[in-house]
Chemist: 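The structure's right below; bear with me while I get my questions together.
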There are 4 protein chains.
Amino acid sequence: MARGRKVNSNGEKSKQLLREKAIELFSTNGYYQTKISDIVKAAQVTQPTFYLYFESKDSLFNDLHQQFQQDLFNILDEQFDQQDIQFLKVVENLLQYFIANPMLTKIGLYQSEESYLVKDKLVKKFEEILEGQARNYPNQQHNDIQVVSQSLLGSILRLTNAFLLTNQKSAKELAEDLFSIYFKKEPALVTS
Amino acid sequence: MARGRKVNSNGEKSKQLLREKAIELFSTNGYYQTKISDIVKAAQVTQPTFYLYFESKDSLFNDLHQQFQQDLFNILDEQFDQQDIQFLKVVENLLQYFIANPMLTKIGLYQSEESYLVKDKLVKKFEEILEGQARNYPNQQHNDIQVVSQSLLGSILRLTNAFLLTNQKSAKELAEDLFSIYFKKEPALVTS
Amino acid sequence: MARGRKVNSNGEKSKQLLREKAIELFSTNGYYQTKISDIVKAAQVTQPTFYLYFESKDSLFNDLHQQFQQDLFNILDEQFDQQDIQFLKVVENLLQYFIANPMLTKIGLYQSEESYLVKDKLVKKFEEILEGQARNYPNQQHNDIQVVSQSLLGSILRLTNAFLLTNQKSAKELAEDLFSIYFKKEPALVTS
Amino acid sequence: MARGRKVNSNGEKSKQLLREKAIELFSTNGYYQTKISDIVKAAQVTQPTFYLYFESKDSLFNDLHQQFQQDLFNILDEQFDQQDIQFLKVVENLLQYFIANPMLTKIGLYQSEESYLVKDKLVKKFEEILEGQARNYPNQQHNDIQVVSQSLLGSILRLTNAFLLTNQKSAKELAEDLFSIYFKKEPALVTS
DNA sequence: TATGAATGAGCGTTCATTCAT
DNA sequence: CATGAATGAACGCTCATTCAT
């Protein structure tokens, strides 16, 4: 292929394409098994072109994680009037973001080594919600809120992977399932 | 330079040492960030010695995952007389294995790309248990068993990481927490 | 994106600016540590613009060296009526050129791999001068003229760097210092 | 070529060979035009072998400069009983080291960007010597000692390059030439 | 006259693996 | 049983240069 500018070439398009391919590959193969050569091959450009738009492999990956993190923080910082609906609303919003950005979600939630930051923040938010819930029902004998929050996070992570990102359940359905698991339980099920 | 067998050297010991150091490093740094050179340095042998006992980096890592998988399968295949106590027993046994083998657990549960095999099997087991539970209480209106099973797995994975492997909670405590979360809910908590 | 000729742009101005910035950068950082991207950034134009005016990085650097060489040759080829004043005159003229063109001097004298051409010519000129001097004083027992010429060149190179280009001494002062070192020695200093 | 150890291979020999070839290439082509690939080709090994013995291209080059610097400092720190013979002795020792280590000298004196350290030290030493000399001949009207020292350094650098490293003059001869230039001058030569 | 966009060619470095001893 | 010495195969990245506009 000749050197120089391609016919009809467009920088922003190339950058976007590279970004997309990178997201795709990072999310399916992880950081270490995604080579710059893979990314540029998928985007049908050469390696130097990658460095025209991104500082380094590391910084691109980091940017992706940062974006995911920021998006998530924005969702979590939204305020709702009624405390009662918080749980359902927050979880559904989260899941809706996940299904709208499945590959970024995989990166930010499962691949990045900084994912613990996001998870910590999620747990914090859940603790808040559960505390509010608890205040509403003061005589309730409840589990350690931290434990329930972590458990809830685990459930979300797992269900997202198993049902949401595989398109077997919608965000709304899963949010309701989670609500039901964590808040609606008939006495009959109690076995001891 | 001196070469050949070290005085007091012992094949089985070297192999064991290499294995241990590998588990240590893999579990804390992951597969790609653990180099053969790191492992042999930790075990105070040279690189060729590694290949005396293991076929390759990949095969060693795989062996470790296989062992974890086998151990877990054995635990899951144990039979219990009373269906009623199954949940608590199985979960506690799992957690007890995890805390007894924390580094292998990290590898087999969080680092290995084959961890989905273990997770699938766990989910299957949980489905069985929950189905048995459901037969006992036929009129119970219950969630999709698959969803609850996956959720339960998520909870276990998360709580293991957050409280068990950090020695903040015992296997027994966490098993009871999980039981409580998934099966004991006071009507008071029901919000809708 | 806007492309094409800038308003108020002017080819000769761009070329001159690029040249100046190149001189600046080459002289301070050397050939290999000066990148085209540095030069055009300093001149606030884009890389293709550089190639509008110069064939290549190498050819520009060469041009700069050629100019320095030519300037120097012109100075060296000037004729003086009185042989007696040649040394002082030639050296002072050289040093005056150096201080008037410090960056080009650094390139032509210290950075260019072709600097030996200039140096050879300088040595030749010094030999001529010294020979003339010697003819005036036939009974003088003198050193090998080639050795003294090379030594003189070395002195000039060093003093230029240390005192002239750092503005600690003027061309005139240094020329006199050199004259004094090479031609005026009191018997008292003779130690053997 | 097959992988693994070569027949009759010997690490210390390989390292030495690489070092020698590196010195050779660095001294003739400079830092930037000497590629690791050149060095290993000359030593008939592959690139990873280079990194078996040296940390990086940069660190090897630096080591070479450091060694030159240290050697030189040792020479300069030697003490002599009689001040009168200092000049001749020091200069001759220097030149003797240069001719014994011509390639290292080229690196340490002309190629390294840290060569100014060595040169500064040399100038300092010369200043000391010249001051001692001056004390012996108190009524002598002398030039600025700093200027003469720098000039002397320049002369040495130049003559080393032109006559010593080309094997046209011996260390002893050049030392005497320098002594003669800087300290023995007949009144007859004085022209003004 | 000038730019936006792209590439060929190469460089320094790393790492799992292997041969000869 | 164990080591010293070496390499194949990549990988991330840079830089001078060039084409299309």
Side-chain angles (χ1 to χ4, degrees), chain A residues 1-15 32 35-38 40 45-58, chain B residues 1-15 32 35-40 45-53 55-58, chain C residues 1-15 32 35-40 45-53 55-58, chain D residues 1-15 32 35-38 40 45-58:
Chain A
M1 200 176 299
R3 252 201 273 196
R5 182 176 188 145
K6 281 186 192 158
V7 285
N8 269 330
S9 71
N10 172 306
E12 206 46 51
K13 226 171 70 189
S14 293
K15 177 169 184 178
Y32 294 102
K35 322 289 179 186
I36 302 284
S37 62
D38 297 332
V40 299
V45 295
T46 57
Q47 299 224 31
T49 299
F50 178 91
Y51 291 93
L52 220 53
Y53 301 112
F54 307 104
E55 241 188 38
S56 68
K57 176 184 175 180
D58 202 72
Chain B
M1 315 295 133
R3 242 181 326 238
R5 185 186 170 139
K6 272 199 218 150
V7 281
N8 278 333
S9 73
N10 173 307
E12 206 46 50
K13 224 169 72 189
S14 291
K15 177 168 186 177
Y32 293 102
K35 294 160 205 163
I36 302 282
S37 62
D38 296 333
I39 298 173
V40 300
V45 297
T46 58
Q47 303 218 36
T49 300
F50 178 93
Y51 290 90
L52 226 51
Y53 300 112
E55 236 185 44
S56 67
K57 177 185 177 183
D58 201 72
Chain C
M1 314 292 130
R3 241 182 325 242
R5 185 184 169 139
K6 271 199 218 149
V7 280
N8 278 333
S9 73
N10 172 308
E12 206 46 49
K13 222 170 75 189
S14 291
K15 178 168 185 177
Y32 293 102
K35 295 159 205 162
I36 302 282
S37 61
D38 297 332
I39 298 173
V40 300
V45 297
T46 58
Q47 304 219 36
T49 300
F50 177 92
Y51 289 91
L52 225 52
Y53 302 111
E55 235 185 46
S56 67
K57 177 184 178 184
D58 202 71
Chain D
M1 200 175 298
R3 252 202 275 196
R5 184 177 187 144
K6 280 186 192 159
V7 285
N8 270 332
S9 71
N10 172 306
E12 207 46 52
K13 227 171 67 189
S14 293
K15 177 170 184 174
Y32 294 102
K35 322 288 179 187
I36 302 282
S37 62
D38 298 331
V40 299
V45 297
T46 57
Q47 299 224 34
T49 300
F50 177 91
Y51 291 92
L52 220 52
Y53 302 112
F54 307 103
E55 241 188 37
S56 68
K57 177 184 175 182
D58 202 71

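Naming convention: chains lettered A, B, ... in sequence-line order (proteins, then strands); numbering from 1 in each chain. When reading the values below, keep in mind they use all heavy atoms of this one structure, side chains included, and skip hydrogens, waters and symmetry mates.
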Chemist: Check this one for me: any side-chain N or O of D:Y51 less than 4.0 Å away from OP1 or OP2 of E:dT13?
Modeler: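 Indeed, a polar side-chain atom of D:Y51 lies that close.
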Chemist: Looking at B:T46, does any N or O in its side chain come under 4.0 Å of the phosphate oxygens OP1/OP2 on F:dT3?
Modeler: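 B:T46 to F:dT3 OP1/OP2: side-chain N or O found under 4.0 Å.
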Chemist: Could you check whether D:F54 gets within reach of a base, just the sugar-phosphate, or nothing at all, counting any heavy atom under 4.0 Å?
Modeler: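 Answer is nothing: D:F54 stays at 4.0 Å or more from every strand.
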Chemist: Measure from the side chain of D:R3, starting at C-beta and using heavy atoms only, and say which of F:dG8, F:dC13, E:dT7 lies closest.
Modeler: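 That would be F:dG8.
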Chemist: Taking pairing as Watson-Crick or G-U wobble with both contacts under 3.5 Å, can you name the mate of E:dT18, or confirm there isn't one?
Modeler: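 By the stated definition (distances under 3.5 Å), F:dA5 pairs with E:dT18.
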Chemist: Would you indicate what C:Y32 reaches in the nucleic acid, counting non-hydrogen atoms under 4.0 angstrom: base, sugar-phosphate, or nothing?
Modeler: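 Nothing, no nucleic acid heavy atom in range.
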Chemist: To the nearest Å, how far apart are C:L52 CG and E:dG4 P?
Modeler: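 In whole Å, E:dG4 P and C:L52 CG are 14 Å from each other.
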Chemist: Assign each of B:K57 and A:E12 to its nearest nucleotide of DNA chain E by heavy atoms, then name whichever residue's nucleotide is nearer the 5' end.
Modeler: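 It is A:E12 whose nearest nucleotide is closer to the 5' end.
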Chemist: Can you tell me the distance, in whole Å, between the NZ atom of C:K35 and the P atom of F:dT17?
Modeler: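 About 15 Å, once rounded to whole Å.
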Chemist: Whole Å only: how far is the NZ atom of A:K13 from the P atom of E:dG4?
Modeler: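 To the nearest whole Å, that distance equals 18 Å.
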Chemist: Between F:dC19, F:dG4, F:dA6, which nucleotide has the shortest distance from any of its atoms to the side chain of A:R5?
Modeler: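 Of the candidates, F:dC19 comes closest.
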Chemist: Under 4.0 Å between a side-chain N or O of D:S37 and OP1 or OP2 of E:dG10?
Modeler: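 Looking at the OP1 and OP2 atoms of E:dG10, neither is under 4.0 Å from any side-chain N or O of D:S37.
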Chemist: Between B:Y53 and F:dA2, is there a side-chain N or O to OP1/OP2 distance below 4.0 Å?
Modeler: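 For F:dA2, OP1/OP2 do have a side-chain N/O of B:Y53 under 4.0 Å.
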Chemist: Expressed as a whole number of angstroms, how long is the span from D:F50:CZ to F:dA5:C1'?
Modeler: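 D:F50 atom CZ is separated from F:dA5 atom C1' by 17 Å.
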Chemist: Specify the closest pair of heavy atoms between B:I36 and B:Q47, including all atoms of both residues, with the distance to one decimal.
Modeler: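 Between these two residues, the closest heavy atoms are CG2-OE1, 3.5 Å.
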Chemist: What's the closest nucleotide to the B:S14 side chain, out of E:dC11, F:dA2, E:dA16?
Modeler: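 When the side chain of B:S14 is considered, F:dA2 is the closest of E:dC11, F:dA2, E:dA16.
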Chemist: Please report, rounded to the nearest Å, how far the P atom of E:dC15 is from the CG atom of B:D38.
Modeler: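 Value for this atom pair: 8 Å.
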Chemist: Looking at A:K6, does any N or O in its side chain come under 4.0 Å of the phosphate oxygens OP1/OP2 on E:dA5?
Modeler: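 Checking E:dA5 against A:K6, no side-chain N or O comes under 4.0 Å of OP1 or OP2.
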Chemist: Rounded to the nearest 0.5 Å, how far apart are CD of B:E12 and OH of B:Y53?
Modeler: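 The OH atom of B:Y53 is 7.5 Å from CD of B:E12, to the nearest 0.5 Å.
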Chemist: Could you grab the distance from atom CG of A:L52 to atom OG1 of A:T46, nearest 0.5 Å is fine?
Modeler: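 That separation rounds to 9.0 Å.
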Chemist: Choose from F:dA2, E:dA16, E:dA6 the nucleotide whose nearest atom is closest to any side-chain atom of B:I36.
Modeler: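 Closest nucleotide to the B:I36 side chain: E:dA16.
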Chemist: Where each residue is assigned the nucleotide of DNA chain E containing its nearest heavy atom, which of B:Q47 and C:K15 is assigned the position nearer the 5′ end?
Modeler: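 Residue closer to the 5' terminus by nearest nucleotide: C:K15.
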Chemist: Output yes when at least one side-chain N/O atom of D:T49 is less than 4.0 Å from OP1 or OP2 of F:dA6, else no.
Modeler: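 D:T49 to F:dA6 OP1/OP2: no side-chain N or O under 4.0 Å.
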Chemist: Using a heavy-atom cut-off of under 4.0 Å over every strand shown, decide if A:N8 touches base, sugar-phosphate, or nothing.
Modeler: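 The residue A:N8 makes sugar-phosphate contact but no base contact.
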Chemist: May I have the distance from D:D58 (atom CG) to E:dC11 (atom P), rounded to whole angstrom?
Modeler: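 Checked: the CG to P distance equals 17 Å.
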Chemist: To the nearest 0.5 Å, what is the distance between NZ on A:K57 and NZ on A:K35?
Modeler: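 NZ of A:K35 is found 6.0 Å from NZ of A:K57.
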Chemist: To the side chain of D:V7, which of E:dA5, E:dT21, F:dA6 is closest?
Modeler: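 The nucleotide sitting nearest to the side chain is E:dT21.
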Chemist: Please determine, for the side chain of D:S9, which listed nucleotide (F:dA6, F:dA2, E:dT3) has the closest atom?
Modeler: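 The answer is F:dA6, which lies nearest to the side chain.
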Chemist: Out of F:dC15, E:dG4, F:dG4, which nucleotide sits closest to the side chain of B:P48?
Modeler: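 So the nucleotide nearest the side chain must be F:dG4.
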